[in-house]
Amino acid sequence: MDIANTEDWRTNRELADIFTRMAGCYRYLGNTERFRAIAYERAARTLAGLPDDISTYATDTASLDRLPNIGEGIAERILEYLQTGHIATWDELQRQVPIPLLDIMEIQGMGPATTKSLHEALGIEDRQDLEDAIRDGRVSKLRGFGPKRLENIRKALKLDKESHGRLRLDTALRIGEDLLRQVRAIPCVIRAELAGSLRRRKETIGDIDILVTCAASGRKSIIRHFTRTPGVSRVLASGDTKASILLASPEVQADLRLVEPEAFGSAFLYLTGSREHNIRLRSLARERHGKINEYGLFGPDGKERLAGDTEASVYQALGLAYIEPELREDRGELDLAARNRLPSLVGVRDMRGDMQMHSVWSDGATDIATLASEALRRFPRYEYIVITDHSPSVRIARGIDPKGFRRQWKEIDRVNADIGRAFVKKGVEVDILADGSLDLPDDVLEGFEWVTASIHSGFRKDNTERLLHACRHRLVHGIGHPSGRLLMKREPYAVDWPAVFRSAAETGTSMEINAQPDRLDLRDDLARQAVAAGVRLTVSTDAHHPSQLDHIHLGISQARRAGCTRENILNTLPWAGVRRFRDAKASSYATR
DNA sequence: GCCGTTTTCGGCCCGACTGTTTTCAGTCG
């Protein structure tokens with residue numbers, strides 16, 4: 001195998017990383033370079049989102065130039081990097097700008113200008129220097145650094161050190177919905193909604209945004225109530241139309257924005273983002289001599305208001321179809337909306353079953369009968385659930401041996417007899433061993449109605465070959481949590497995804513979007529690439545407790561962010577459809 | 001440095017809040 005291609009497009013990431021840091025340097029160098037900085041940031045985004053290794057585009061400058069946000073200059077630098085392993089401009093920038101200063105610019109309140117003035121006045125080179133200079137009073141002697149500003153920087157430094165700032169989607173949703181309930185109870189609030197990355201259902205959330213409509217006369221009182229919400233540890237900002245608070249445990253920032261009811265749509269759009277999506281929208285308005293801000297879409301005179309009461313009205317006035325929040329990431333959705341080619345996104349109501357969960361037979365918390373009744377109670381539309389307890393080698397999860405599975409099947413038969421139909425399916429999460437083989441023999445695997453194969457060890461190495469082996473196994477129907485990542489805890493292992501997706505599509509093997517909030521694996525961009533490669537996905541909760549059956553909402557959000565339609569997701573089909581998918585693989589192997 | 005359904009030059013999203021200063025620059029979302 002091509003070694004250079006086995007590490008999840010290492011070169012794309014390296015280049016994106018360099019360009020991001022180059023952008024940081026240009027920002028630091030000041031206003032004259034700020035558009036160059038933006039250009040490098042955009043190029044970095046393009047590289048990071050590329051479905052294939054950059055070298056496949058990099059035959060010459062012209063073919064690179066065809067990629068969005070990559071022109072002649074950056075194309076030359078990409079080629080230079082591929083050919084020589086370094087970029088002369090980047091080397092030069094590193095001589096001009098102390099790179100640890102980029103770190104300082106990440107701290108809230110510390111922009112390029114502040115960072116530069118501290119570097120020039122006090123020779124501050126890194127975070128430690130900054131802390132020292134604040135402590136021994138050198139900073140406070142400088143013009144422009146009053147006591148309040150100093151205190152803010154001190155607190156920002158502390159916060160940045162303690163928390164790495166982001167919350168998991170499930171945690172942020174819980175806190176956000178709780179806060180939303182309190183905001184809705186404030187007098188004078190007409191309407192309140194969660195916006196921001198929470199509404200876009202990003203896998204991790206930096207802060208909570210709430211949009212409120214009210215009459216102008218109610219603003220002061222609403223802001224006052226909001227900043228006195230129980231659990232507020234600090235008020236970060238508080239003006240006429242917006243306020244920011246810091247909630248304690250877990251520490252997270254929440255922003256409130258007030259607008260009048262007729263501006264709801266444009267404000268919702270603005271506050272939902274993403275930033276990049278908004279910039280595209282505003283550029284589009286500008287191309288047509290208009291202007292978008294929080295208050296509406298305005299005509300050339302800046303006064304005539306063309307739209308803004310609903311989000312749809314703004315999109316429509318710009319000649320775009322309505323774009324679902326999960327798609328607003330500037331990944332080509334505006335283009336699709338302009339051509340009316342947006343996908344019709346899958347929803348939880350489309351789901352006919354859950355493809356992975358665990359019972360007390362291995363590491364689950366409840367018995368099969370309870371899982372079945374809870375699934376039916378929570379999701380009356382479900383026609384099946386698949387019990388996928390662990391195979392023997394996953395000791396930590398009390399994996400079951402073949403004899404145990406035969407006993408388990410009898411229990412499943414009894415539960416189904418009680419329900420009166422074959423609601424519970426006999427599945428397994430079989431372990432993919434180090435050499436790519438499975439830890440149950442074929443004659444046992446043949447007894448299951450659904451076989452998911454997953455990796456539970458060897459997270460540090462390249463696991464491409466193991467996944468390819470599993471895809472090529474005639475009795476494997478799906479790959480579970482394919483990348484092995486744990487959000488904010490464990491990086492995904494290295495995989496040559498194009499090769500694995502190609503193999504999954506060829507062999508008729510599905511790939512999972514695992515809905516556990518710390519997995520969400522495949523992540524959105526990989527799921528998108530899998531679908532583009534012709535892979536069928538499943539969305540499953542991997543529930544270890546009945547309450548976790550509700551995680552299907554998180555999994556579906558991830559699928560929606562990947563642009564998935566119902567057709568892309570296998571378990572939107574009745575079981576007969578799942579069986580056809582499964583049997584198609586078996587029969588293609590029988591004829592080989 | 002990138003980009004073009006008025007442009008190959010002249011733009012590059014837009015407004016609120018803070019802190020410090022005395023009319024505004026810097027930062028953020």
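Order of the sequence lines fixes the chain letters, A, B, ..., with proteins taken first and strands second; residue numbering starts at 1 for each chain.
- With B:dC14, B:dG26, B:dA16 as the choices, the nucleotide that has an atom nearest any side-chain atom of A:N293 turns out to be B:dC14.
- B:dC14 and B:dT21 are spaced 25 Å apart, taking the C1' atom of each and rounding to whole Å.
- Nearest nucleotide to the side chain of A:E294, out of B:dT18, B:dG1, B:dG15: B:dG15.
- Taking atom P on both nucleotides, B:dG1 is separated from B:dT5 by 23 Å, rounded to a whole Å.
- Contact annotation: A:K291 reaches the phosphate of B:dG15 (side-chain N/O to OP1 or OP2, under 4.0 Å).
- Among the heavy atoms of the strands, none lies under 4.0 Å from A:L271.
- With a cut-off of 3.5 Å on both Watson-Crick or G-U wobble distances, the partner of B:dT8 is given as none.
- How far CD1 of A:I38 is from CD of A:E33: 12.0 Å, rounded to the nearest 0.5 Å.
- Proximity note for A:Q108 (side chain, C-beta onward) versus B:dT22, B:dC13, B:dC28: the nearest is B:dC28.
- The side chain of A:T114 lies closest to B:dT27 when the candidates are B:dT27, B:dC14, B:dT21.
- The nearest heavy atom of DNA chain B to A:G290 and to A:D209 marks one nucleotide each, and the one closer to the 5' end goes with A:G290.
- Nucleic acid contact for A:I74: sugar-phosphate only, since backbone atoms but no base atoms lie under 4.0 Å from a heavy atom of the residue.
- Nucleic acid contact for A:F145: sugar-phosphate only, since backbone atoms but no base atoms lie under 4.0 Å from a heavy atom of the residue.
- Within the nucleic acid shown, A:I107 comes within 4.0 Å of sugar-phosphate atoms alone, with no base atom in reach, counting heavy atoms only.
- Using a 4.0 Å heavy-atom distance criterion, A:E72 is classed as a sugar-phosphate-only contact.
- Comparing atom distances between the A:R257 side chain and each of B:dG29, B:dA16, B:dC17 picks out B:dA16 as nearest.
- Across the protein-nucleic acid pair, A:L318 atom CG and B:dC13 atom P stand 15 Å apart, rounded to whole Å.
- A straight line from CG of A:N152 to C1' of B:dT18 spans 8 Å, rounded to a whole angstrom.
- Listed pair A:Y295 / B:dA16 meets the phosphate criterion, a side-chain N or O lying under 4.0 Å from OP1 or OP2.
- Within 4.0 Å of A:R77, counting heavy atoms only, lie sugar-phosphate atoms of the nucleic acid but no base atom.
- The interatomic distance linking A:R34 (CZ) with B:dA25 (C1') rounds to 13 Å, in whole Å.
- Listed nucleotides: B:dT22, B:dT27, B:dC17. Nearest to the side chain of A:T241: B:dC17.
- Separation of the P atoms belonging to B:dG10 and B:dG15 is 24 Å when rounded to the nearest angstrom.
- Between A:I99 atom CD1 and A:D126 atom CG the span is 12.5 Å, to the nearest 0.5 Å.
- Nucleic acid contact class of A:N278 (heavy atoms, under 4.0 Å, all strands): none.
- Listed nucleotides B:dG11, B:dT18, B:dT27 differ in distance to A:R286; the shortest reach to its side chain belongs to B:dG11.
- For A:R199 and A:F268, the positive end sits near the middle of the six-membered ring, less than 6.0 Å away and at most 45° from its axis.
- Taking atom C1' on both B:dC13 and B:dT8, the two are 23 Å apart, rounded to the nearest angstrom.
- B:dT21: glycosidic angle beyond 90° from 0, hence anti.
- In A:E80, the CD atom is crowded: over 12 heavy atoms of neighbouring residues, nucleotides or ligands sit closer than 6.0 Å.
- Separation of the C1' atoms belonging to B:dT7 and B:dG11 is 9 Å when rounded to the nearest angstrom.
- With rounding to whole Å, A:R200 atom CZ is found 11 Å from B:dG29 atom C1'.
- Each of B:dT18, B:dG29, B:dC13 was ranked by its minimum atom distance to the side chain of A:R42; first place goes to B:dC13.
- Contacts of A:R275 with the nucleic acid, taken as non-hydrogen atoms under 4.0 Å apart, include base atoms.
- Rounded to an integer number of Å, the gap from CG of A:L236 to C1' of B:dT27 is 13 Å.
- Atom CZ of A:R341 has 12 or fewer neighbouring heavy atoms from other residues, nucleotides or ligands inside a 6.0 Å radius.
- You'll find the side chain of A:R485 reaches within 4.5 Å of the side chain of A:L520, heavy atoms only.
- Atom P of nucleotide B:dC14 and atom CG of A:L269 are separated by 14 Å, given to the nearest angstrom.
- Minimum atom distance to the side chain of A:N69 is reached by B:dC3, of the listed B:dG15, B:dG1, B:dC3.
- Ion pairing of A:R561 with A:E329 is present here, as a side-chain N (NZ or NE/NH1/NH2) and a carboxylate O approach within less than 4.0 Å.
- In this structure, A:R27 atom CZ and B:dT27 atom C1' are separated by 11 Å, rounded to whole Å.
- For the pair A:L334 CG and B:dC3 C1', the computed distance is 16 Å after rounding to whole Å.
- Using atom P as the reference point in both B:dG26 and B:dT20, the two lie 14 Å apart (nearest Å).
- At a threshold of 4.0 angstrom between heavy atoms, the contacts of A:I70 are confined to the sugar-phosphate backbone, with no base atom among them.
- In terms of position on DNA chain B, the residue among A:I292 and A:P68 whose nearest nucleotide sits closer to the 5' end is A:P68.
- Listed nucleotides: B:dC3, B:dG26, B:dC13. Nearest to the side chain of A:R282: B:dC13.
- Tested against A:D330 for a salt bridge (Lys or Arg N to Asp or Glu O under 4.0 Å), the candidates A:R280, A:R42, A:R275, A:R200 yield a single pass: A:R280.
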